[in-house]
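Just below is one structure, and these are the notes that go with it.
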Amino acid sequence: MSKPRIYISTPHLDGNEGEFLALTLDSNWIAPVGVNITNFERELSKYLSQGKEVTALNCGTAAVHLALLLAGVEAGDEVICQSFTFCASANPILYVNATPVFVDSEKQTWNMCPELLKSAVEDRIARGKKPKAIIAVHSYGMPYKVDEVHAFAKAHQIPVIEDSAEALGSTYKGRKCGTYGDFGILSFNGNKIITTSGGGALVCPDQSTKQKTVFLATQARDQAPHYQHSQLGYNYRMSNISAGIGRGQMQVLDKHVELRRRMNSFYKDLFKEIDGINVLEEPSADFHSNHWLSAILVEPSLTGGITREDLRVALEKDNIESRPLWKPMHLQPLYKDYPYYGHGVCDSLFDKGLCLPSGSNLTDTDRERIANAILTVFKDA
Ligand SMILES: *Cc1c(COP(=O)(O)O)cnc(C)c1O
């Protein structure tokens, strides 16, 4: 019999999700409204602190879309976006018929390079259009260089949409990721650090902004006994069932962060003795990653020719999932014709990088299999 598959990241339901669901089914609030939504939002807002208000939505992509609308982005506008990310950061720019302008990463956090951000914005302004928003991403849970990016954005008065979809529980200078931007994005997709099956949230600066997002997310219904609409709205609200799962997951969020960080330490130990493999690490004590995914760079000139593809294939042979790092947006067929400001960093991350199994529910047996599969590659070399 073949060995069970080890995945990169799977749901880990180890809180009281079942109880919340049972109560929800009994209450008959099987709808995108109900007490779980209110409480889940309250718990998230308390967790993030900084006076933030949270709107629960049916996915993180919807949160990016609403953030762009609230930032006033319109058709024909330009929006700066980190190239090294999942497509959900960028696609909503096209939903609003704006133009994405992609920016490369720096080598320390793999996230938006502040120097290139500066060049990009200055060049766009020189060409006659000041970007309307900046989308920066804490990839794999690693905080980007918040101070540098935000100081620059502030000086130019450009709102920042902080894509924290992968970084719930990460902090920068002791403050939670998702609270630094004018808007913060969270995702509770099945593979994220906590899940509601599918789901997301928009972190808002205040109550009135939150009310606007709820309005837009519930078809922009005007006050009237009948259905009346003066504005274009969306059906983006989270279900009360999903929010029930979310409440259970909030009980174990800190534990999940701890366990994902332990997976990262496991990889750091495993690769310590192996030349040419680097695990992504925090550049200083200011950065605290939830290590949603543990990722490595493989340098074939130092590994005796072993590439990340060799590692991926060897793991796959043992039924262990791993995946190349993000294919940058500027290399995607969909986005290749949009402006890009780069210096080769994220191209090289894509060439040499690999995401490894990182879930909070991996067992000692799983870790042993992963270690053996990897060490075998180097023994045979
Ligand atoms: C997961 C994710 C999102 C949101 O995705 P949904 O699946 O719509 O919840 C946005 N940005 C990044 C970087 C992500 O990884």
Side-chain angles (χ1 to χ4, degrees), residues 7-11 32 40 44 54-68 79-96 100 102-103 105 109-112 133-144 146 149 160-170 177-178 180-181 183-203 213 217 234-239 242-243 245-246 249 256 260 280 289-295 323-330 332 334-335 346 349-350 353 355 358-359:
Y7 292 96
I8 291 178
S9 182
T10 62
F40 184 44
L44 280 165
V54 175
T55 307
L57 301 170
N58 55 21
C59 64
T61 313
V64 179
H65 187 184
L66 292 181
L68 289 169
V79 175
I80 301 270
C81 184
Q82 183 167 319
S83 184
F84 186 69
T85 186
F86 178 55
C87 69
S89 308
N91 287 352
I93 303 172
L94 297 188
Y95 298 172
V96 299
F102 293 110
V103 169
S105 296
T109 72
W110 300 358
N111 292 315
M112 186 174 279
I134 295 167
I135 302 175
V137 187
H138 306 296
S139 282
Y140 306 124
M142 179 64 72
Y144 59 80
V146 172
V149 168
V160 178
I161 296 168
E162 182 190 2
D163 188 341
S164 258
E166 301 167 8
L168 182 58
S170 298
C177 289
Y180 278 100
F183 297 99
I185 308 302
L186 302 177
S187 169
F188 315 111
N189 194 31
N191 60 348
K192 297 282 159 61
I193 190 134
I194 61 168
T195 186
T196 59
S197 77
L202 184 63
V203 183
T213 64
Y234 304 87
N235 186 5
Y236 278 173
R237 203 66 165 123
M238 179 178 277
S239 149
S242 300
I245 302 175
Q249 291 273 278
H256 284 197
R260 297 238 177 196
L280 174 62
S289 174
N290 66 8
H291 288 303
W292 170 58
L293 295 190
S294 284
R323 190 180 301 124
L325 300 187
W326 303 126
K327 177 168 185 171
M329 289 305 115
H330 75 276
Q332 297 287 353
L334 175 64
Y335 286 118
C346 66
L349 292 173
F350 176 54
C355 291
S358 306

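From a predicted model like this one, the values you see are computed outputs, not experimental measurements. All ligand and atom numbering here is 1-based and tracks the order in the structure.
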Are S89 and ligand 1 in contact, using a heavy-atom cut-off of under 4.0 Å?
yes

Measure from atom 2 (C) of ligand 1 to every heavy atom in E166, K192, H138 and give the option owning the shortest one.
K192

Could you tell me which atoms of ligand 1, counted from 1 in the order shown, lie closer than 4.0 angstrom to a heavy atom of A88?
3 (C), 4 (C), 5 (O), 10 (C)

Pull out every atom of ligand 1 sitting under 4.0 Å from any heavy atom of G199, numbered as shown with elements.
9 (O)

Polar side-chain atom of T195 near backbone of N189 as donor-acceptor pair, under 3.5 Å
yes

How long is the gap from CD on Q82 to OG on S105, to the nearest 0.5 Å?
4.5 Å

If you define the side chain from C-beta out and look only at heavy atoms, does anything of N91 sit under 4.5 Å from F86?
no

Please determine whether any non-hydrogen atom of A63 lies less than 4.0 Å from an atom of ligand 1.
no

For S187, the atoms of ligand 1 under 4.0 Å from one of its heavy atoms are 1 (C), 4 (C), 5 (O), 6 (P), 9 (O)

Does an N or O anywhere in C59 fall below 3.5 Å from an N or O of ligand 1?
no

Please verify whether a non-hydrogen atom of D163 lies at under 4.0 Å from ligand 1.
yes

Can you tell which part of T85 has a heavy atom less than 4.0 Å from ligand 1: side chain, backbone, both or neither?
side chain

Within the side chain of W292, is there an N or O that forms a donor-acceptor pair under 3.5 Å with the backbone of N191?
yes

Any donor-acceptor pair under 3.5 Å from S187 side chain to G60 backbone:
no

Has N290 got a side-chain atom pairing as donor or acceptor with L168's backbone, closer than 3.5 angstrom?
yes

